[in-house]
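Here is the structure we will look at.
Model, not experiment: these values are computed from the prediction. Each chain gets a letter, A, B and so on, in the order its sequence line appears, and its residues count up from 1.
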Protein chains: 2
Amino acid sequence: MISTRGRYALRVMVDLAKNSQNEFITLKDIAKRQDISKKYLEQIIPIFNRENMLIASRGYGGGYKLSKSPKEYTVGEILRLTESSLAPVACLETKSNQCPRAGSCPTLFVWKGLQKVEEEYLNGITLQDILDREIDLSGNDYNI
Amino acid sequence: MISTRGRYALRVMVDLAKNSQNEFITLKDIAKRQDISKKYLEQIIPIFNRENMLIASRGYGGGYKLSKSPKEYTVGEILRLTESSLAPVACLETKSNQCPRAGSCPTLFVWKGLQKVEEEYLNGITLQDILDREIDLSGNDYNI
DNA sequence: TATAAAACCTATTGACAAGGTAGGTTATTT
DNA sequence: AAATAACCTACCTTGTCAATAGGTTTTATA
């Protein structure tokens, strides 16, 4: 299950994509707009700065803005950076988590396939896709 | 993330599909074969009995067997019964978990789409598919 | 009919991660 | 200098997972 970290991160990125016309947006504003604890966001969002996905500016007049066009961010990469793991089962998380029966496990391919399906889906959606979709939705949530 | 409950349940069902030629198989045997705590399985497997997916027999000579053909069980239904939730995010779990912003949330369609992709994948795999696949794999895990 | 063996039931526990809160430090503009 | 913003690190509370434990009920066999 995707945790609040990943969900909040995505909402912040969408907020930035939507509200920044090349000027810096403060986390304070985003936190208020999204109704998320600013303190909590402060430990999530710097991750993207380290990966050069955001440009940060400290001090008066500072804030964040995207470093690239919204179509160059996928939901998949945003979640990979913020979620502890996107693996659908523990035995696919790390090598050390791999179970000793992996070599003969008849169900392993099920989980590998699930992971593939998920990742392909998440890698196929960009921030721009979300912005485009939002225009369609404007005001209702019936058409999904 | 799929928990041990769901993973173990699937392994037990595959074990039954594979090892039962219409006779009852004890949880003791399955637990030993799968190297899973029998006591733990005892609180998972009766779920399937209640749903008439398994036939249980108590007492001497008793055990479990499938009530239908392996091709009539999907991974999806097995997981839905054993996992607390298959929703990819908390806000899709229950109505009471739905967030107040749902009506205007620009990211909600992403999660709904993810859920759909996952469920379609899991509903598309049967126990028979797993048995068939196992023959191919026999002894190696290179071809996935 | 006693006994063994099986499923079934319910409570409890220990560990761990999620989801924050708190209090500070560093950088930058006015 | 002062205000404001990002950034860092430690802590804490709560809930769930993954079992373990100790029983009860059912049924075939000796």
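More than 12 non-hydrogen atoms from other residues, nucleotides or ligands lie less than 6.0 angstrom from NZ of A:Lys65.
In this structure, B:Trp111 and A:Leu10 have side chains that are in contact, with non-hydrogen atoms separated by less than 4.5 Å. No side-chain heavy atom of B:Thr82 sits under 4.5 Å from any side-chain heavy atom of B:Arg7.
For the residue pair A:Thr126/A:Glu72, the side-chain donor-acceptor check at 3.5 Å is not satisfied.
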statement: Whether each nucleotide of nucleotides 7-20 of chain C has a protein heavy atom under 4.0 Å at its base (B), only at its sugar-phosphate (S) or at neither (-) is summarised, 5' to 3', as SBB--------SSB
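Here the P atom of nucleotide C:dA6 and the CD atom of B:Glu23 are 14 Å apart, to the nearest Å. Regarding A:Leu16, its CG atom lies at a distance of 10 Å from the P atom of D:dA6, rounded to whole Å. Rounded to whole angstrom, the span from the CZ atom of B:Phe24 across to the C1' atom of D:dA28 amounts to 12 Å. Between the C1' atom of C:dT21 and the CD1 atom of A:Ile36 lies a distance of 16 Å, rounded to the nearest Å. Distance B:Tyr60 OH to C:dA2 P: 19 Å, rounded to the nearest Å.
The ring of B:Phe24 has its center no closer than 6.0 angstrom to the ring center of B:Tyr64.
For the pair A:Tyr121 (side chain) and B:Glu118 (backbone), a donor-acceptor distance under 3.5 Å is absent.
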